[in-house]
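The chains referred to below are lettered A, B, ... by the order of the sequence lines, with proteins before strands, and numbering in each begins at 1.
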2 protein chains.
Amino acid sequence: MTEKRRRRLPRQVREQQIIDVAVQVFSKRGYHAASVDEIAELAGISKPMVYLYLESKEGLFIACLRREAERLVAAFHGAAAEGELTPELRLRAGLRAFFSFVSEHRDGWVVLHRHAAELSAAIAAESAQARRAVMAEVTALVRTGIEENDGPARLGDEDAEFVAHAIVGAADALTDWMADHPAESPEGMTRRLMNMVWVGMRNVLGGETWTPPPPTPPPDTSPGKG
Amino acid sequence: MTEKRRRRLPRQVREQQIIDVAVQVFSKRGYHAASVDEIAELAGISKPMVYLYLESKEGLFIACLRREAERLVAAFHGAAAEGELTPELRLRAGLRAFFSFVSEHRDGWVVLHRHAAELSAAIAAESAQARRAVMAEVTALVRTGIEENDGPARLGDEDAEFVAHAIVGAADALTDWMADHPAESPEGMTRRLMNMVWVGMRNVLGGETWTPPPPTPPPDTSPGKG
DNA sequence: CAGTAAGTCTACTGTTCGGTAAGAAAGTTG
DNA sequence: CAACTTTCTTACCGAACAGTAGACTTACTG
């Protein structure tokens, strides 16, 4: 209707525009429910452009995934790696960067987090990699932090990975809580989460088991396979 | 191949068979990538049967979701609600039931957990409800537990919900870890997780903030908006 | 303003897949 | 076996949509 004569733009720019829109649409609809037609239309171009630049729908999604993952990992890594800080402070910085990223790039986060399951192997791999990258960093911080605090406790990788999974998973889920509490800042999120994990972590890694309190005897009513 | 003359089965039975297969297929492929044809074939019947009994693809998925959610919530609730146990023990029992459920119904868990994002509003609602049900229970346990241990600390719902989100999110993520460590029992998972959360929880709720250790000053190098 | 390359479009194809119409076989009851 | 119900099938429709062919349009270069 409005005969908007499309300005021609260099490929690099157009490509980013397409990815920008695609992130929004994928975030809103999910991979399969999103149509390339819609993405093209919202991007202000026609479908063949998308295919010319991004090869396929899968290629487009991977491009989205990759860009957002790079941003997230860079944000976390950049924050957590800085200087000679202690592991605590580095983990705190990383978490703060993470929550800030989610605040500011919600669509990107949704694409990374929620829509990577039911996809092709290539996509799933791409998606898993970002999480693994973060997980590896957190694991390292956990291991280092414990060793520094409690001496080389000769921990299995297992233990550090367990804690890292818990922390990353908690952070994941807390993005929902954060969405319901817009007043809470990334800093506040971080402080709260650090309060929870940094103490409890030692408990797991130190080998001190959480002992069920004595008052009532533990339920021994498990009959068959425990 | 084997010209298996299909035995006619009463609707109730057939319906459950279809749902059984559908859970597997949805778990493996995801909602959109799963085809009703495949589900019908694996169930050993033809497609119109699926539509006759389950109305639509969405109806089929919701049936899956509902059944698995009921099982999971029942498992958690049944374990966590038993007797006059303390909140700690009840949370422990709930977590153990949860990890057991995931061990034994991996497909159901995958359907519930990973494939509920990119779906219609009806499906998303159904899926969110299961999580909310568990979240509500955990929140209650957290609140009660703290009050019993530290007196009525006059906590906002906010705080208990934060902790509950962290716990549930950690448990979610730890199912991945558990998948990589088949030797770890649900009991072991539970013990480890309890170690982490039950101590740290108090820290959050008690209002004692985690103070960044003094050795190195906190990074004040944040220039613009933090 | 011709020549050329990059950007862009309209209009189409082929396929996959959700959903259905119409009726056949199997069981049940006289 | 005839009437009837429930289970089940073959064979199809129509829409949505990923992907493409080929032409057109703008902009830069000499």
Atom pairs, N/O to N/O, protein against nucleotides 16-19 of chain D, distance under 3.5 Å?
{"from": "D/dA18", "atom 1": "OP1", "to": "A/Ala34", "atom 2": "O", "distance (Å)": "3.4"}
{"from": "D/dA18", "atom 1": "OP1", "to": "A/Lys57", "atom 2": "NZ", "distance (Å)": "3.0"}
{"from": "D/dA18", "atom 1": "OP2", "to": "A/Val36", "atom 2": "N", "distance (Å)": "3.0"}
{"from": "D/dA18", "atom 1": "N7", "to": "A/Lys47", "atom 2": "NZ", "distance (Å)": "3.2"}
{"from": "D/dG19", "atom 1": "OP2", "to": "A/Tyr51", "atom 2": "OH", "distance (Å)": "3.3"}
{"from": "D/dG19", "atom 1": "OP2", "to": "A/Lys57", "atom 2": "N", "distance (Å)": "2.9"}
{"from": "D/dG19", "atom 1": "N7", "to": "A/Lys47", "atom 2": "NZ", "distance (Å)": "2.8"}
{"from": "D/dG19", "atom 1": "O6", "to": "A/Lys47", "atom 2": "NZ", "distance (Å)": "2.8"}

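Residues passing the salt bridge (charged side-chain N to carboxylate O under 4.0 Å, His left out) test with A/Glu38 are A/Arg29, sequence neighbours excluded. Judged as a salt bridge (charged side-chain N to carboxylate O under 4.0 Å, His left out), and not counting sequence neighbours, the contacts of B/Arg66 are B/Glu126. Every residue two or more places apart in sequence or in another chain was checked for a side chain to side chain donor-acceptor pair (under 3.5 Å) with A/Glu55, and none qualifies. With sequence neighbours left out, the side chain to side chain donor-acceptor pair (under 3.5 Å) criterion links A/Glu15 to A/Arg11.
Within the 3.5 Å criterion, the main-chain N or O of B/Asp107 finds no donor-acceptor partner in the side chain of B/Lys28.
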Completion exercise
Going 5' to 3' through nucleotides 2-7 of chain C and flagging B where a protein heavy-atom sits under 4.0 Å of the base, S where only the sugar-phosphate is that close, and - otherwise, we get ----BB
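By the 30° and 60° cut-offs, the orientation of the rings of A/Phe61 relative to A/Phe26 is perpendicular.
Of the inter-residue distances, the one linking A/Thr175 atom OG1 with A/Phe99 atom CZ reads 7.5 Å to the nearest 0.5 angstrom. Note: A/Leu9 CG to A/Gln17 CD = 5.5 Å, rounded to the nearest 0.5 Å.
Here the P atom of nucleotide C/dT10 and the CD atom of A/Glu41 are 11 Å apart, to the nearest Å.
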